[in-house]
Protein chains: 2
Amino acid sequence: MGKCEQCIIKQFNSLKSLTKDELVRISSCKTSKTIKKGEVIFEEGETLNGVYCIKDGICKLSKLSENGKDQIVKMVVKGQLLGHRSLISDESSNLQASALNDMEVCFIPKSEIIADLQKNPKFSFDVLKDMAHDLRESDDIIVNMAQKSVKQRLAETLIYIHDSFGVNSDGTLSVLLSREDYASIVGTATESAIRVLSQFKKEGLISTVGKFVKIENLNGLKRME
Amino acid sequence: MGKCEQCIIKQFNSLKSLTKDELVRISSCKTSKTIKKGEVIFEEGETLNGVYCIKDGICKLSKLSENGKDQIVKMVVKGQLLGHRSLISDESSNLQASALNDMEVCFIPKSEIIADLQKNPKFSFDVLKDMAHDLRESDDIIVNMAQKSVKQRLAETLIYIHDSFGVNSDGTLSVLLSREDYASIVGTATESAIRVLSQFKKEGLISTVGKFVKIENLNGLKRME
DNA sequence: ATTAAAACATGACAAATATCATATTTAAAA
DNA sequence: TTTTAAATATGATATTTGTCATGTTTTAAT
């Protein structure tokens, strides 16, 4: 099994602030897992006993609304940590995590992470910075949800995925989502998401290659904002 | 001027995790301020050089959407800290803070807070917990904005204010908001907020005493969710 | 007290979005 | 392959919400 000290993935998250000794200790008690597309990593309400460091793949964090619809709140990708929030607040998870494609993750037990958070101020300050950034992102999402139209939100979602998660060699968005997923991100009915995407296609703003979406006119989408 | 060591307000926020020495040091460089209702504490985009500890009063955190409408993202009340997020992420504020009633605050310079965050793990872990909780709250707001009707959101807002900020001796909500404020929280047009509140009144769910709102049927409002 | 300006209220209508029905296409399973 | 199920697509219609207009009430200023 790989060693945390040598793992390059940690460069992208707060684990980079741990000392070599701390990494060796964590490495000795972590476990690697493979998660298949569609599989649930943890359920809403589940008590987590560790965090996941994502070595490869992407997952969605969603919450079931009272009307029975799923709302995707965030997407977490290769290089990022998963589950640390619930660990810190010492509560059961308020979100469900499920894989959007095949994933490889390392699981680090709760006790190790918490110990380091309480002993290594550099590490905890790093996590703090990360969460401050997440809160900023949440503010933006709230404003968009509250003030913008479905069309605008969907356009921004496409741009966000493009900018944050990148594209394949043919220019299509590397993250493959169903229309239902798009609807769950934007907060609309699946039919509405389908209609808007069809419209974007007609207007030449996007095209599709198989199930993949390709942005053809980024500025056109941006101008919609 | 009051001394932080003896101030009871800090019991309600992360400052309680500071040592006596740290509190004495902070006390010596803090400044007290009075802020009048409606006054802006800091603007969107402003670089903060410290945090505010709210001794009395309540303020709103809002963000201007591209369509020119203000969205209230959060309300911060007596006992809580203000501005620490931007300080931590070392970016200019993404939100505007303005007083909803007369306030008394203590201003603590950035350098002091950052130093303590980096030296006192108990303090930083406490702030971390606080932010994890805020993120949870943000998730809920996102889901509500995305999935619920204006009527449901307004009902929940009233319940939230009731539960979080309490009531006056006559049972009216202690926080006094204009219809425009309610609209900015819910993310709707002012006219819509007015209409829904009128409807709630007709249905006996709420009543008004002057400009204050009183919840008459909490379960009725809750059942709307 | 009078005037001006906000805040609140309500009607009429338009626009956005949800819902229901029903095809069609695509993917999965037998 | 054939069958079945799931995902995508689109029309028709109902509901929700926004916008504009206008009136009333409340608050602030002269």
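Lettering follows sequence order; numbering is per chain, from 1. FYI, side chains are in, hydrogens and waters are out, and symmetry mates aren't considered; it's all heavy atoms of this structure.
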Pairing donors with acceptors under 3.5 angstrom, does anything connect the side chains of [X] and [Y]?
X      : Y      : result
A:Q152 : A:E156 : no
A:S65  : A:Q71  : no
B:K201 : B:T208 : yes

Self-check item: Within residues 191-210 of chain B: residues closer than 4.0 Å to DNA chain D (heavy atoms)
Solution: B:E191, B:S192, B:R195
Quiz item: Which comes earlier along DNA chain D counting from the 5' end, the contact point of A:K211 or that of A:A146, where each point is its nearest nucleotide?
Solution: A:K211
Does [X] come within less than 4.0 Å of [Y], counting only side-chain N to carboxylate O?
X      : Y      : value
B:K60  : B:D181 : yes
B:E66  : A:K148 : yes
A:R85  : B:D139 : yes
A:E104 : A:K33  : no
B:K129 : A:D90  : no

Practice problem: Measure from CG on B:L177 to C1' on C:dA7 and round the result to the nearest Å. | Solution: 14 Å
Quiz item: Quick one: bend of the helix from C:dA1-D:dT30 to C:dA30-D:dT1 from 5 pairs per end, to 10°?
Solution: 50°
Self-check item: Sugar-phosphate, base or nothing in reach of A:T190, heavy atoms under 4.0 Å
Solution: nothing
Self-check item: Phosphate contact (D:dT19 OP1 or OP2) by B:K69 side-chain N/O below 4.0 Å
Solution: yes
